[in-house]
Asks: 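Okay, handing you the structure first.
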Amino acid sequence: MNPLALELERVRSSGRPLYDLTRSNPTEVGVPFAAERIRAALAAPEVLRYRPDALGPSSARAAIAADARGDGLVIDPERILITASTSEAYGLLFKLLCDPDDEILVPQPSYPLFEQLVRLECARAVMYPLGFDERWFIDFAELEQRIGPRSRAIVVVSPNNPTGNYLKRSELARLAEFGLPIVSDEVFASYSIDAPVDCVRSVLETAHVLNFALSGLSKLAALPQMKLAWTTLGGPSEQVREALSRLELMADAYLSPSTPALVALPELLAARHVSSSHVLGRVRHNAAALRAGVSGSAVSVLPIEGGWYAVLRLPALQSEEDWVLSLLRERSVLVQPGFFYDFAREAYVVVSLLTPEAELAEGLERLLLHVASRC
Ligand SMILES: Cc1ncc(COP(=O)(O)O)c(C=O)c1O
């Protein structure tokens, strides 16, 4: 067990209250749900019938396109593939794009699961850095150096987990110039906190290269337990057609999404605002509370354009690990160290903006007292 897990176990078994600022499971942080509508949708008569469809039933794909239209994004339902999670979608996409030992370019810092997801497909994740200068950006000089003959796709996360930066229009144009397929994780796209005007709504805005936009119920509707996600293909028509038919063949080997979730999907999307508008209000409230709370302290909050996370910079007086362990030991506050996400420098910690407001406020106060005591 690592030192953080050990310390956490000690705090939990001591019976002391824990200020857990890492919780991001929306079903366990007091988010309201349209419970009756969800239960009724899952009890529809059609859930007793099995009609396999590798890309997903057209009713479900039409509902996804209609929901996206409500968010200002026009997509063709015929270009959608439904999977049981975005992780499954990544697996299919890396199978589609890679032979063994081929390379996928992955941003850093970002979602820690990428390396494993790429490796499970016998390919290699090659990290490219995001830079920070008042806001996060793709370091194109570094990215270009890492592109080689085995590169098969570039992954972007917009807004990124945990740095919150959206992909910008100029960045998308430069990415497309490399000619490689772009895999864009847009699961947090509808949670805009302080999105700049030059951000793109979706990678689908480019027609120049083959691209894949990933989204799903786990973040959009705060329903990770429904296990439904989708990938929309964009780019040159011939390439889209070919990629879609190969994906269909692969998805047909698994047929993973469950019928009850697929049948319920139109209603789950129609009712999602009960949860997603609450989540949006909470992440915006918590982001503002963090910014106001740290003012005048030695802690700063990095700009948060969108998503469910905030990055705090602590004085580099000690290592990230020491900050995180001492916060837990002495103040009962749990945060994630930046090295979980491969930040290039120390000392950063990550907190979840989904934390209930009162718990976040108390945890922040304790964190600030702790930092002040060490300065
Ligand atoms: C960037 C990103 N993509 C995808 C996911 C997971 O999505 P799913 O539950 O559909 O696999 C997460 C979960 O935290 C995430 O942070």
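Read the numbers this way: they start at 1 and go in the same order the structure lists the ligands and their atoms. Predicted model only: the values in this text are computed from it and were never measured.
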Asks: For atom 16 (O) of ligand 1, what's the nearest protein heavy-atom neighbour? Residue, atom name and distance, please.
Replies: Asn161 ND2, 2.8 Å
Asks: Do Leu4 and Gln336 have side chains that get closer than 4.5 Å, going by heavy atoms?
Replies: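 Of all side-chain heavy-atom pairs linking Gln336 with Leu4, none is under 4.5 Å.
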Asks: Any N or O of Asp185 that comes nearer than 3.5 Å to an N or O of ligand 1?
Replies: yes
Asks: When you compare ligand 1 with Ser218, is there at least one nitrogen or oxygen pair between them that comes in under 3.5 angstrom?
Replies: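 Yes - when backbone and side-chain N and O of Ser218 are compared with those of ligand 1, one distance drops under 3.5 Å.
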Asks: Examine the side chains of Asn160 and Ser110 and answer whether a donor and an acceptor come within less than 3.5 Å of each other.
Replies: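 A donor-acceptor contact under 3.5 Å links the two side chains.
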Asks: Regarding Lys168 and Glu305, does a basic nitrogen lie under 4.0 Å from an acidic carboxylate oxygen?
Replies: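 A salt bridge links Lys168 with Glu305.
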Asks: Salt bridge check: are Arg146 and Glu103 linked by an N-O gap of less than 4.0 Å?
Replies: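 No, this pair does not count.
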Asks: Please identify which atoms of ligand 1 are closer than 4.0 Å to at least one heavy atom of Phe188.
Replies: 1 (C), 15 (C), 16 (O)
Asks: Does Trp308 come within less than 4.0 Å of ligand 1, judged by its heavy atoms?
Replies: no
Asks: Just checking, is any N or O donor in the side chain of Ser184 or Glu186 under 3.5 Å from an acceptor N or O on the other one?
Replies: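 Yes - a donor-acceptor pair under 3.5 Å links their side chains.
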Asks: Is the shortest distance from a heavy atom of Ser87 to ligand 1 less than 4.0 Å?
Replies: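 Checking ligand 1 against Ser87, which is what was asked, there is a heavy-atom contact under 4.0 Å.
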Asks: Distance to the ring centre below 6.0 angstrom and angle to the axis at most 45 degrees; does that hold for Arg174 and Phe140?
Replies: yes
Asks: Looking only at protein heavy atoms, identify the closest one to atom 5 (C) of ligand 1 and say how far it is in Å.
Replies: Tyr111 OH, 3.4 Å
Asks: Within the 4.5 Å heavy-atom criterion, are Phe132 and Leu302 side-chain neighbours or not?
Replies: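 Of all side-chain heavy-atom pairs linking Leu302 with Phe132, at least one is under 4.5 Å.
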Asks: Does an N or O from Lys219, backbone or side chain, lie closer than 3.5 Å to an N or O of ligand 1?
Replies: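 By distance alone, the answer is yes.
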Asks: Find all atoms of ligand 1 within a distance of less than 4.0 Å from any non-hydrogen atom belonging to Val157, and give their numbers and elements.
Replies: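 Those qualifying, in numeric order: 1 (C).
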Asks: So which bit of Thr86 gets within less than 4.0 Å of ligand 1, heavy atoms only: side chain, backbone, both or neither?
Replies: both
